Structure formats: C-alpha cells, structure tokens
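Worksheet: the structure to be examined is printed underneath.
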Amino acid sequence: MVAEAKIDEAVVEPADVVPVVEDIEGNEGEWVEYHQDFNLNRVTDEEKRYLERSEEYEQRCNDMRKGAEIHRRVRKNVMNKIKPGMTLTEIVNIVEDGTRKFTGTDANGDHVDRPKSQGVAFPTGVSLNHCAAHFTPNAGDKTVLQYEDVMKLDFGVHVNGYIIDSAFTVTFDPQYDNLLAAVKEATNTGIKEAGIDVRLTDIGEAIQEVMESYEVEINGKTHQVKPCRNLCGHNIGPYSIHGGKSVPIVKNGDNTKMEENEHFAIETFGSTGRGYVVQEGECSHYAKKLGSHPTPSLSGAKSLLKVIDENFGTIPFCRRYLDRLGEDKHLYALNSLVKQGIVEDYPPLNDIKGSYTAQFEHTLILHPHKKEIVSRGDDY
Ligand SMILES: [Co+2]
C-alpha cells in the first residue's frame, strides 16, 4: 500500500508448497553499506551494536525475512501465471491463496491457533493504467486484464505483525519498457539514498531527478516520466502499514530524518499523466484506525467491528475478505464505521484518464551498521 501526502521455469503451485509454516525460513535480504558514511573508523561501533542486538530485535528481523521469503515465492508463482485474458479476481486469488498456504492460515483466513499472527498484510492491489494504487476487485468485478494494460501488483505478507510491503509492475506490450525502467531505477535510487539521519526530502529529490531523466514513447507520443508527487513511501510499525513518516518521491522540504532500526517501504510511482493522483471510484480497501474510538452507533456496525477486530485488528482488509468470512452484507455497517471515524477508507488513487502509471517497491531495515533490503529478489 502507498502513503498519500497526506526463475526457474517450474511453476510452483501453492499446493506444492511446504504447508508447515515453521519450515519456511527467511534468508537475509540484500545487505547494503551506508554510502553516506566515509569514516571507516566508526564502523566498529555500529557493528558492535548490531552484534549485541536484543533477542526481540533478532526475532523481528527473522519474522520480516520469513515474510519476504513468502513474498518472493508467491510473486514468482503469480508472475508465471499472469496472462492477458485473466480476470483481476483470478489474479488476486492466486496471490492471496498462495500467501495463506505459506502462512498456514485456514480457509476462513486466519491461523488456526494464533489468530492474526501471520498472513495477508493488506488487500492485493491490481491497479490498472491511470489507477496508481488501492484497487482490488470487489465481489462481482469482471475486469479482465488486457495485453495493453499496465498493472501494479502490490501485495503484503506479515509475520507477527511485521509487514513486508513490496510491489512491481506487469506489462506485456514493450512500448512501456522505458516507463518501467524509470520507476525501477527511481525506487532503487530511493533505496540507495536511504540511511540513518538522512533527510526525507533529500531522498525525494534524488528519486525525482532519476525519474524525470526518462522519456517514454507510447502510441506515437513522447512523455517525460513524472513522479506522482502526492504518493509516498512510508515507515511501517507493528500491525500498522503507515507508521507516520512519509518518504516523498519529489523534493518536498520535509527535513524529518530516518532513524536507526526503522523499517521502511520505499516505493515510487512514475506517470505519463499529470503526476498527481486523486481519490476516485468505488472503494475496496479499509483499515481500522489505531487508538481509541467511539462505540459504533448501529448494532450491525458493532458486530461488524467485532469481526474486524477478531480477524484483522489494524491490518488493512478489503470487502472480499469480509465476504469470505460470511459477512457479505456489510456495506451499510462498514460505511457507518467509516463515518464514525473508527475505520479509514482508502479509495483508488487515479491520475488522469488515458495516462499510464508504474510502481516498484521494496521493504528495508536500517540496521545500525548496514541496511538490509529484505524483500529483494532476483526478479526485482
Ligand atoms: Co507501501
């Protein structure tokens, strides 16, 4: 999910996958030196701090590595299967069923013994073309993926509330290649610039410069690739996809700094449109807000909130996840929870019609001595 500013050829079927969750061990991600620091003498201090890390910190890192390993396996599987002609519902089902298999969640979407302990971390985004983010099909959606589409596949896995948020863009038509190259390099630039004490605006500036250096020709018209300036990466807290800091993809003057041991999703969006998104269209994504809230005024809303608390807590969900829990007549109660400020809605985020947007995203940890790009794979 996004913050608003405000292979080998064998297809791994989810069914072939080791069903016992505890068997999946996440490898470490890609380790990267902080290039901002040229003083080699100080390295030992930070390394020592990392080596003396607490058990709790180690557990958190291992949970994230496991989530990332599941993410890599699920995306490898879905990448092998996606073809024009599939419905978006078929695609999200492959992702979500795969994640549930790996995380040991049962048919009702939750871990049998340890509710909410691990699983799908937020609705699977399958946003097309000018829609940059926060689209997943609701029940009855018949949208079919076309050869000409540019699809952002944004999905998440969490283990004990530690979320891996990672996304890539799927296209079939080679005329979009430069758009994807621009965004991939922009995201990798954000990852390269991230570091302890680095100001967020400086990361945004570096991303913007790289993104805008690309042009793409689509249907005979040349566009400079623009960052979607009101979309941002974000830090991530336990069971909380948006931890309060936003990583801009343009220079925005935010002098807030990244801090040691923080956990960030670095994501960038490039567009052939105006580079600015608005909330538009039918909503599918929701999340219960953190902190205290009023008592629901409707009895239907009260019972729906109980279902949300039991199954998701503050982890984002979509309307399909309520349907599969047997709550298929939820809309009135859900709207009421949104109106009362208990649940937040996240409608689709669109650039102008006819434009194309692309996204790449990774999750990283800022260890004291090095950063670890936890969700890195050999695919992106
Ligand atoms: Co994100």
Side-chain angles (χ1 to χ4, degrees), residues 1-6 29 64 67-68 70-72 74-75 92 95-96 99 119-127 131-136 151-159 161-170 183-184 186-191 193-194 200 203-204 207 211 227-250 254 258 262-271 277 279 284-287 290 312 314-318 344-349 357-366 371 373-377 380:
M1 282 180 76
V2 61
E4 270 177 274
K6 255 229 140 164
M64 289 179 64
I70 294 170
H71 197 286
R72 279 187 289 271
V74 169
R75 75 196 190 215
V92 296
V95 171
E96 292 162 7
T99 303
V120 172
F122 53 82
T124 306
V126 280
S127 306
C131 179
H134 297 174
F135 181 89
T136 200
M151 179 171 73
K152 281 67 63 184
L153 185 44
D154 187 350
F155 74 98
V157 181
H158 83 92
V159 176
Y162 296 110
I163 300 171
I164 294 297
D165 183 358
S166 180
F168 56 98
T169 298
V170 178
V183 181
K184 196 182 265 187
T187 294
N188 282 329
T189 299
I191 290 167
E193 294 304 316
L200 297 172
I203 300 174
I207 289 170
M211 186 91 78
C228 292
R229 63 181 186 274
N230 59 333
L231 294 178
C232 300
H234 47 95
N235 65 333
I236 302 177
Y239 293 101
S240 171
I241 186 73
H242 294 152
K245 285 187 186 177
S246 293
V247 186
I249 61 175
V250 293
D254 184 351
M258 290 184 159
E262 274 185 324
H263 164 185
F264 276 97
I266 301 292
E267 59 189 307
T268 77
F269 292 83
S271 177
V277 298
Q279 296 186 344
S284 56
H285 287 46
Y286 297 84
L290 297 177
F312 313 111
T314 53
I315 288 279
F317 60 93
C318 61
E344 177 135 16
D345 57 343
Y346 295 90
L349 295 167
T357 60
Q359 173 199 21
F360 283 92
E361 177 176 25
H362 274 300
T363 293
L364 54 83
I365 311 173
L366 299 178
K371 52 193 159 184
I373 322 310
V374 194
S375 55
R376 182 73 81 195
Y380 68 92

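Ligands are counted one by one from 1 in listed order, and the atoms in each one are counted from 1 as well. FYI, side chains are in, hydrogens and waters are out, and symmetry mates aren't considered; it's all heavy atoms of this structure. These numbers come from a predicted model, not from an experiment.
Scanning for salt bridge (charged side-chain N to carboxylate O under 4.0 Å, His left out) contacts around K184 gives an empty result, with sequence neighbours left out.
With a 4.5 Å cut-off on side-chain heavy atoms, L200 and P248 count as touching. Residues P316 and H285 fail the side-chain proximity criterion, which asks for heavy atoms closer than 4.5 Å.
Checked against the 6.0 Å centroid threshold, Y380 and H362 count as a close aromatic pair. Residues F312 and F317 bring their aromatic ring centres within 6.0 Å.
Within the protein, the N, O or S atoms lying under 2.8 Å from the Co ion (ligand 1) are M1 O, D165 OD2, H234 NE2, E267 OE2, E361 OE2.
Between H242 and H234, the angle of the ring planes goes over 60°, which puts this pair in the perpendicular group of the 30/60° scheme.
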